[in-house]
Q: 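Please read through the structure below; I'll follow up with questions.
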Protein chains: 2
Amino acid sequence: MPAPIEIGQGEDPRVVLGRVVHQQRIRLGISQEDLADQVGLDRTYVSGIERGIRNPTLLVLLRLAQALGVPAGRLLEEKTGSAGPQLTSA
Amino acid sequence: MPAPIEIGQGEDPRVVLGRVVHQQRIRLGISQEDLADQVGLDRTYVSGIERGIRNPTLLVLLRLAQALGVPAGRLLEEKTGSAGPQLTSA
DNA sequence: TTGTGACTGCTAGTCCGTT
DNA sequence: TAACGGACTAGCAGTCACA
């Protein structure tokens with residue numbers, strides 16, 4: 001049972017970022033290691049980001065956005081979740 | 001820094017960020033010191049960001065965006081430049 | 001009012017592993 | 001496949017004196 005994705009605004013930005021990264025990665029159907037490889041980061045570091053315990057830099061955020069195929073700003077906004085783009089089939 | 005992974009953009013993202021921060025700050029008509037004070041950062045650190053020699057973290061970027069009164073994503077996009085940024089003058 | 005070099009403390013980010 | 005930990009190095013956060 002996948003935890004219901006809630007959107008908190010006073011929430012820790014690192015956790016929010018982690019959720020977005022996770023969602024986008026799953027959407028691409030790739031593993032943390034695959035993503036880490038594409039971004040040029042360590043696999044454990046990507047894991048930390050998704051868990052919201054890391055505080056990545058501007059450069060890393062940008063590379064992450066690129067690898068995930070989303071606009072950089074997307075990583076800081078979290079527009080997904082409720083009434084999300086159900087992403088038909090695939 | 002690990003594998004650079006060229007970002008088609010060309011220009012250094014730090015410089016781009018610096019330009020956006022500078023523009024927004026000027027738009028607010030405040031000094032670097034005023035901004036630094038609002039963000040809770042040192043004056044010289046803000047200076048470094050505007051000059052594009054700093055690589056701030058997620059948390060710093062967010063505080064900066066808040067103080068500048070712009071959505072966080074705005075700092076990573078640079079929609080300014082050409083076509084008028086239709087900012088509904090306050 | 002801002003730019004700059006140098007500095008210290010801490011963490012961003014890596015690499016090894018186990019669960 | 002991913003969470004999690006320890007130990008490590010590179011680099012950022014944050015500050016200062018001075019231009």
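By convention in this document, chain letters (A, B, ...) are assigned in the order of the sequence lines, proteins followed by strands, and residues within each chain are numbered from 1. These values consider heavy atoms only, across backbone and side chains, with no hydrogens, waters or symmetry-generated copies.
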Q: Rounded to the nearest angstrom, tell me the gap between atom CD1 in Ile49(A) and atom P in dC4(D).
A: 15 Å
Q: Can you identify which nucleotide, out of dC12(D), dT14(C), dG14(D), has its nearest atom closest to the Thr57(B) side chain?
A: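 Closest nucleotide to the Thr57(B) side chain: dC12(D).
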Q: Is there a donor on the side chain of Arg43(B) or the base of dG14(D) sitting less than 3.5 Å from an acceptor on the other?
A: no
Q: For the residue pair Arg27(A) and Gln24(A), confirm or rule out a side-chain donor-acceptor distance under 3.5 Å.
A: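 Present: a donor and an acceptor within the cut-off.
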Q: Nearest whole Å is fine: how far is dA19(D) P from Arg51(B) CZ?
A: 17 Å
Q: Please classify the nucleic acid contact of Ile53(B) as base, sugar-phosphate, or nothing, using heavy-atom distances under 4.0 Å.
A: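 No contact.
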Q: Can you tell me which nucleotide in dT1(C), dA13(D), dT4(C) comes closest to the side chain of Ser31(B)?
A: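 The answer is dT1(C), which lies nearest to the side chain.
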Q: Examine dT2(C): is either OP1 or OP2 under 4.0 Å from a nitrogen or oxygen in the side chain of Ser47(B)? Give yes or no.
A: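 Negative; the distance criterion is not met.
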Q: Between the side chains of Ser47(B) and Arg43(B), does any donor sit under 3.5 Å from an acceptor?
A: no
Q: When you match Thr44(B) and Asn55(B) each to their closest nucleotide on DNA chain C, which lands nearer the 5' end?
A: Thr44(B)
Q: Report the distance from atom CG of Leu59(A) to atom P of dA13(D), rounded to the nearest whole Å.
A: 11 Å
Q: In terms of side-chain geometry, is the basic nitrogen of Glu11(A) or Arg19(A) positioned less than 4.0 Å from the acidic oxygen of its partner?
A: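 Yes, Glu11(A) and Arg19(A) are salt-bridged.
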Q: Just compare dG14(D), dT14(C), dG3(C) and give me whichever is closest to any side-chain atom of Val60(B).
A: dG14(D)
Q: Rounded to whole angstrom units, what separation is found between the OH atom of Tyr45(B) and the P atom of dG3(C)?
A: 15 Å
Q: Can you find a pair of side-chain heavy atoms, one from Ile30(A) and one from Arg25(A), that are under 4.5 Å apart?
A: yes
Q: Take atom CG of Leu41(A) and atom C1' of dT14(C), then tell me their distance rounded to the nearest Å.
A: 10 Å
Q: Which whole-number value in Å describes the distance from Glu33(A) CD to dA3(D) P?
A: 13 Å
Q: Figure out the CG/C1' separation between Asp42(B) and dG9(C), and round it to whole Å.
A: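 Going from CG in Asp42(B) over to C1' in dG9(C) covers 15 Å.
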Q: Quickly work out the Gln32(A) CD to dC4(D) C1' distance and round it to whole Å.
A: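 From Gln32(A) CD to dC4(D) C1': 11 Å.
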Q: Which is more 5' along DNA chain D, the nucleotide nearest Arg54(A) or the one nearest Arg63(B)? Just name the residue.
A: Arg54(A)
Q: Side chains of Val16(A) and Asp12(A): does their closest heavy-atom pair fall under 4.5 Å?
A: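 No, their side chains stay 4.5 Å or more apart.
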